[in-house]
Colleague: 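Have a look at the structure that comes next, please.
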Amino acid sequence: MFRNLMPLLARDFHVPAPDLIGFGNSAAPSRESFEYTFENLTKNVAGFLAALKVDQYFLHVFDYGAPIGFRLAMRQPERVLGIVSQNGNIYQEGLGPKWAERAKYWANPTPEPRAQYESAFAPETIKGQYLTGEKPGTVGPDGFP
């Protein structure tokens with residue numbers, strides 16, 4: 001969804017798009033050296049905005065970026081000029097039954113339940129998230145394995 005929207009927005013806006021730590025093309029530090037929480041990712045994006053001297057912005061939130069973007073908005077609402085949300089869940093009930101099972105794993109992250117979710121990170125699954133619903137040949141391979 002966002003891949004098609006960003007070029008359209010770039011016609012009229014500056015579109016800085018931080019690559020979240022461990023996502024996309026960024027480095028993925030070990031869990032021992034970086035705590036993968038929405039809080040830490042929010043701090044990282046806040047630092048990104050500060051480095052670019054971005055004082056006000058329209059916020060685009062998508063998927064896992066939504067909890068980060070909404071944290072930024074709650075902390076400094078005067079900086080946010082508007083919000084575009086695509087698949088950006090903001091409430092527990094919106095996660096649905098699929099995530100209830102995953103929440104059990106989050107509460108007790110042992111190797112056995114972890115193995116159940118390995119297919120979520122398989123190359124075929126990731127490619128499917130990028131290519132499903134798109135015309136063949138229109139999505140570059142830079143975002144998936």
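The first residue of the sequence shown is numbered 1, and numbering continues consecutively from there.
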Colleague: With sequence neighbours excluded, what pairs up with Ser33 under the side-chain contact (heavy atoms from CB on, under 4.5 Å) test?
Modeller: Pro29, Ser30

Colleague: Any chance you could lay out the side-chain contact (heavy atoms from CB on, under 4.5 Å) test for Arg75 and Thr42, step after step, and finish with the verdict?
Modeller: CA-CA 10 Å; Arg75 290 180 186 155; Thr42 301; 3.2 Å; yes

Colleague: Start with the C-alpha gap between Leu72 and Tyr57, add the side-chain angles, then the distance that decides, and say whether side-chain contact (heavy atoms from CB on, under 4.5 Å) holds.
Modeller: CA-CA 11 Å; Leu72 291 169; Tyr57 49 86; 3.8 Å; yes

Colleague: What distance separates Glu35 CD from Asn40 CG, expressed to the nearest 0.5 Å?
Modeller: 5.5 Å

Colleague: If hydrophobic clusters are built from ILVMFWY residues whose side chains come within less than 4.5 Å, do Val139 and Leu8 share one?
Modeller: no

Colleague: Mind listing the closest non-hydrogen atom pair of Thr110 and Tyr105 along with its distance?
Modeller: O-CE1, 3.6 Å

Colleague: Anything under 30° is parallel, anything over 60° is perpendicular, the rest tilted; go ahead and classify Phe13 against Phe58.
Modeller: perpendicular

Colleague: By side chain to side chain donor-acceptor pair (under 3.5 Å), which residues pair with Tyr36, not counting sequence neighbours?
Modeller: none

Colleague: Suppose we screen for side chain to side chain donor-acceptor pair (under 3.5 Å). Which residues come up paired with Gln116, at least two apart in sequence or across chains?
Modeller: none

Colleague: Which residue pairs satisfy the salt bridge (Lys or Arg N to Asp or Glu O under 4.0 Å) criterion with at least one member in residues 49-67, sequence neighbours excluded?
Modeller: none

Colleague: Carefully, step by step, assess Val84 and Leu5 under the rule side-chain contact (heavy atoms from CB on, under 4.5 Å).
Modeller: CA-CA 10 Å; Val84 175; Leu5 177 62; 4.2 Å; yes

Colleague: Can you name the residues that form a side chain to side chain donor-acceptor pair (under 3.5 Å) with Lys43, not counting sequence neighbours?
Modeller: none

Colleague: For the residue pair Leu20 and Phe48, establish whether any side-chain heavy-atom pair is separated by less than 4.5 Å.
Modeller: no

Colleague: Salt bridge between Lys104 and Glu112, side-chain N to carboxylate O under 4.0 Å?
Modeller: no

Colleague: Which pair of heavy atoms, one from Ala73 and one from Leu59, lies closest together, and at what distance?
Modeller: CB-CD2, 4.1 Å

Colleague: Give a yes or no on whether Leu41 and Met74 share a hydrophobic cluster (residues Ile, Leu, Val, Met, Phe, Trp, Tyr; joining criterion: side-chain heavy atoms under 4.5 Å apart).
Modeller: no

Colleague: What residues form a side chain to side chain donor-acceptor pair (under 3.5 Å) with Arg71, not counting sequence neighbours?
Modeller: none

Colleague: How far apart are the closest heavy atoms of Lys135 and Thr138, and which atoms are they?
Modeller: O-OG1, 2.6 Å

Colleague: Give me the atom names and distance for the closest heavy-atom approach of Leu52 to Pro16.
Modeller: CD1-CB, 3.8 Å

